Amino acid sequence: MNITEIIKEGTALAVKELYNHEINVNDVNINSTRKEFDGDYSVVVFPFTKVARKKPEQIGEELGKYLVGKYDDLINYNVIKGFLNLEVSNKYWNQYLSQVAEKETFKKPFHGEKIMIEFSSPNTNKPLHLGHVRNILLGWSSSKIYEALGYEVQKVQVINDRGIAICKSMLAWQMIGKGETPKEAGIKSDHYVGKWYVEFEKLFQAEYQTWQKTDAGQSIFLNDKKDGQEEAAFFKGFKNTYFNEHSKVGADAKAMLLKWEDNDDDVRSLWRKMNGWVYEGFDTTYRNLGIEFDKLYYESDTYLLGKDIIEDGLSKEIFYKKDDGSVWIDLEDAKMDHKLVLRRDGTSVYMTQDIGTAEHRFQDFGAKRMVYVVADEQNYHFKVLFEIMRRMSASYADGLFHLSYGMIDLTTGKMKSREGTIVDADDLMTEVIEAARVNALEKGGLEGLEEARKKDVYRKIGLAALKFFIIKVNAKKRMIFNPEESVDLQGNTGPYIQYAYVRIQSVLKKAGEVDTSIATKYENLGVTEKELIGQIYRLDEIIRMSADQFDPSFLASYCYEMAKTYHRFNHDHRIIKAESEEAKAFRIRLCKVTGKVLQFVMELLGIEMPERM
RNA sequence: GGCUUUGUAGCUCAACUGGAUAGAGCACUUGACUACGAAUCAAGAGGUUGCAGGUUCGAAUCCUGCCAAGGUCACCA
């Protein structure tokens, strides 16, 4: 049994014996003792004042005396206000360290449970951007965390490969692309398709502007405008209607979508060609980011799913049909609205697809837990979806989870494609790696290394800076992205943690073979040494917490704290020329374990460690 | 307007889920390389936790009401 459990159980036992009152072990409130006081763990004694009918200080004394008397590993106590500070023996810490040093891995063995995690989910008409990067890092990291807890994880990407958006790119390319390929244009292929999407918007805007001046445009403006509305404001709001009802290119794009749905050979082959370009580009981006998927779902395969489930639900009276033939669900008793699930022409909407896809995936993989990594703008959608699945009595309904994250803002405001402020994922990676290269050359720590390995280190450092910068922020919160800070290499950053690891490797290399078996004879543990072991001790707890809340940011601050303690330890103590052989053996062991933990946790965050930097 | 999320140092974020004097980094001011890597360490300054009430031995955290910002309320995805 580990020390925190001993303290909790001992306290519960003490309360029972001393005050004749039963309490739940988990209700014992303990935390790490603050630095300014003596001790390792503190028990909060206020909750016992009622049952003991004594002052907190007196209860603290009595509990402290009881615990220290009963358990050898607790060697001292003091009471300050309502807090009982307990000191754990050096022997305990030292033995704990030797146990951890024996471990081959911190990963838990497979226990049979499965979890599916969907993330990234791009559209094929545009390249990946900063928003996707946050999504991907959260999804990837959550996958790694659940794997570490012994789950079988299925990493899934849904590709939104159909719809009006990709038709716009296709149409523009067909109209003015003259059969050009991305290779001929010298542009990364997903960016190339994105370029035609932008070209379409230009064509459309030009057409729209011209139309606004025509008699037809003016008469609609004069008839439909609200009182006192400016012409520019009116036409801004009218854009969608214009696209759907008046636009030539809009009609062409819609016609193309219909042809696509009719399986028209020419349209389908153009669609396959251009999506192929996009996938090629995405693959490169994913590879550079260091991530991969186990399975891809294409919306073109799944967009018709779900209708049969709606029929089934209709017969069970979970849904109802309106006079016009459209199908709805009434969620008012769950404090939501009525929601459409089938159009009056019988075609599906977004919700229908998601209902069908959930069932489809469950049949594919059989995971009771399915996680959707999607930005918080879709909170309501998922709330509705999960409620519907519950009412359909899906066996996995309670295992559905929306990993909702806040969107990223820039220091200058929101990212908007129309204003050209979208931060592109490929550009971003190039920039951070370049910044890492410039910095590494300045520091000169890589001299003598061959060029290919140097490049690998630049990549690891740059990506660490970028990934850590994003992942250290609580997933649920909206965050502000400052490009300059994202390439910072000092302070609370990925490279700071990498540097701790590199220092460890350097020490271990210089030390050579050291017999660590005498480490447990070392008795005078210093403050930073104890602190470091105390942090190692918390690894499982932090992983558990990140998993439960689907938030890797806990692990990010955990490794930052640990790296920081290591740097201080490294500064305060001599390792290779320690004051005794026991001290040296102990510190080498501490270095090894710290290095292993740091590497393990950073891997859960999707960040690689360099051996030098 | 309904529902919902957020508001903490000049800036970017923490605070282990109700515990002790609210902590880090950046930026700013100092100090430490003839020490195992200075991408480091040590120190200084910086706060009415949006505001006002309430619950509690104890509130940044829970409740209520305001204020501000975001999201969402499509037969879009």
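Quick note on labels: first sequence line is chain A, next is B, and so on, each numbered from 1. What you are looking at is a predicted structure, and each value in this text was computed from that prediction instead of being measured.
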Over all strands shown, is T493(A) touching base, sugar-phosphate only, or nothing at heavy-atom distances under 4.0 angstrom?
nothing
Euclidean distance for C1', C28(B) against A45(B) (whole angstrom)
9 Å
With a non-hydrogen cut-off below 4.0 angstrom, is K383(A) in contact with a base, only sugar-phosphate, or nothing?
nothing
Taking only side-chain nitrogens and oxygens of K510(A), does any of them come within less than 4.0 Å of OP1 or OP2 of C36(B)?
no
Using Watson-Crick or G-U wobble geometry with both distances below 3.5 Å, tell me the partner of U8(B), or none.
none
Could you check whether F83(A) and the base of A20(B) form a stacked pair, meaning centres closer than 5.5 Å and planes differing by less than 30°?
yes
Nucleotide G23(B), atom C1' - distance to NZ of K35(A) in whole Å
8 Å
Specify the separation, in whole Å, of atom CG of L331(A) and atom C1' of U4(B).
16 Å
With a non-hydrogen cut-off below 4.0 angstrom, is S506(A) in contact with a base, only sugar-phosphate, or nothing?
base
With under 30° as parallel and over 60° as perpendicular, where do the rings of H360(A) and Y297(A) fit, or are they tilted in between?
perpendicular
Y496(A) vs Y560(A) aromatic rings, parallel, tilted or perpendicular, using cut-offs 30° and 60°?
tilted
Distance between the C1' atoms of A59(B) and U64(B), in whole angstroms?
15 Å
What's V44(A) touching, base or sugar-phosphate or nothing? Going by heavy atoms closer than 4.0 Å.
base
Hey, does F554(A) reach any base, or is it just sugar-phosphate, or nothing, if we go heavy atoms under 4.0 Å?
base
What interatomic distance, in whole Å, is found between C1' of U21(B) and the corresponding atom of U48(B)?
16 Å
To the nearest angstrom, how far is I164(A) atom CD1 from C76(B) atom C1'?
11 Å
Which nucleotide, in any strand shown, forms a Watson-Crick or G-U wobble pair with A22(B), with both distances under 3.5 Å?
none
Determine the interatomic distance between C1' on C13(B) and the same-named atom on U6(B); round to the nearest Å.
14 Å
Spacing of the P atoms in C57(B) and A43(B) (rounded, Å):
38 Å
When the C1' atoms of A52(B) and A68(B) are considered, how many whole Å apart are they?
15 Å
How is S557(A) classified with respect to the nucleic acid when contacts are heavy atoms under 4.0 Å: base, sugar-phosphate, or nothing?
nothing
I need the NE2-P distance between H402(A) and U72(B), as an integer number of Å.
12 Å
Is R344(A) touching bases, backbone alone, or none of the nucleic acid, heavy atoms closer than 4.0 Å?
base
For F468(A), run the side-chain contact (heavy atoms from CB on, under 4.5 Å) check against L463(A), L137(A), N492(A) and tell me which one passes.
N492(A)
Inter-nucleotide C1' distance (G50(B), U5(B)), Å rounded
16 Å
Presence of donor-acceptor pair under 3.5 Å, side chain of S553(A) and base of A14(B):
no
Across all strands shown, which nucleotide pairs with C73(B) by Watson-Crick or G-U wobble geometry, both distances under 3.5 Å?
G1(B)
Any strand, both distances under 3.5 Å, Watson-Crick or G-U wobble: U55(B) pairs with none
Using the six-membered ring for Trp and the full ring for Phe, Tyr or His, decide whether Y496(A) stacks on the six-membered base ring of A39(B) (centres under 5.5 Å, planes under 30°).
no
Looking at W328(A), is K339(A) sitting on its ring face, NZ or CZ under 6.0 Å from the six-membered ring centre and within 45 degrees of the normal?
no
Separation of the C1' atoms in U61(B) and A15(B), to the nearest angstrom:
10 Å
Heavy-atom donor-acceptor pair, D324(A) side-chain to C75(B) base, under 3.5 Å:
yes
Less than 4.0 angstrom between a side-chain N/O of R34(A) and OP1 or OP2 of G23(B), yes or no?
yes
Within 45° of the axis and under 6.0 Å from the centre of the six-membered ring of Y303(A), does NZ or CZ of R162(A) qualify?
yes
From CA spacing to verdict: salt bridge (charged side-chain N to carboxylate O under 4.0 Å, His left out), R568(A), D572(A):
CA-CA 6 Å; R568(A) 193 148 24 94; D572(A) 291 351; 5.6 Å; no
Does K81(A) place a side-chain N or O at less than 4.0 Å from the phosphate oxygens OP1/OP2 of U21(B)?
yes
Considering every strand and a 4.0 Å limit on heavy-atom distances, what is the contact class for N85(A): base, sugar-phosphate, or nothing?
base
Does the cation-pi check pass for K55(A) over F46(A), that is, NZ or CZ under 6.0 Å from the six-membered ring centre and within 45° of its axis?
no
Using a cut-off of 4.0 Å on non-hydrogen atoms, how would the nucleic acid contact of N570(A) be classed: base, sugar-phosphate, or nothing?
base
So F37(A), base contact, sugar-phosphate only, or nothing? Heavy-atom distance under 4.0 Å.
base
Nearest to the side chain of R574(A), which nucleotide is it out of C75(B), A35(B), A39(B)?
A35(B)
Go through A77(B), G25(B), C13(B) for me and flag the one nearest to the Y560(A) side chain.
G25(B)
In whole angstrom, what separates F382(A)'s CZ from U5(B)'s C1'?
17 Å
Donor/acceptor link under 3.5 angstrom from N29(A) side chain onto base of G19(B)
yes
Contact class for M479(A) vs. all strands (heavy atom < 4.0 Å): base, sugar-phosphate, or nothing?
sugar-phosphate
Classify K335(A) by what it touches in the nucleic acid, base, sugar-phosphate, or nothing, heavy-atom distance under 4.0 Å.
nothing
Over all strands shown, is I461(A) touching base, sugar-phosphate only, or nothing at heavy-atom distances under 4.0 angstrom?
base
What is the nucleic acid contact for R478(A), judged by heavy atoms within less than 4.0 Å: base, sugar-phosphate only, or nothing?
sugar-phosphate
What does A45(B) pair with, Watson-Crick or G-U, if both distances are under 3.5 Å?
none
Before giving the answer on side-chain contact (heavy atoms from CB on, under 4.5 Å), spell out for T594(A) and M562(A) the whole-Å C-alpha distance, their side-chain angles and the decisive distance to 0.1 Å.
CA-CA 8 Å; T594(A) 304; M562(A) 183 176 277; 4.1 Å; yes
Between C57(B) and F46(A), is there a base-stacking contact, meaning the centre of the base's six-membered ring lies under 5.5 Å from the residue's ring centre while the planes stay under 30° apart?
yes
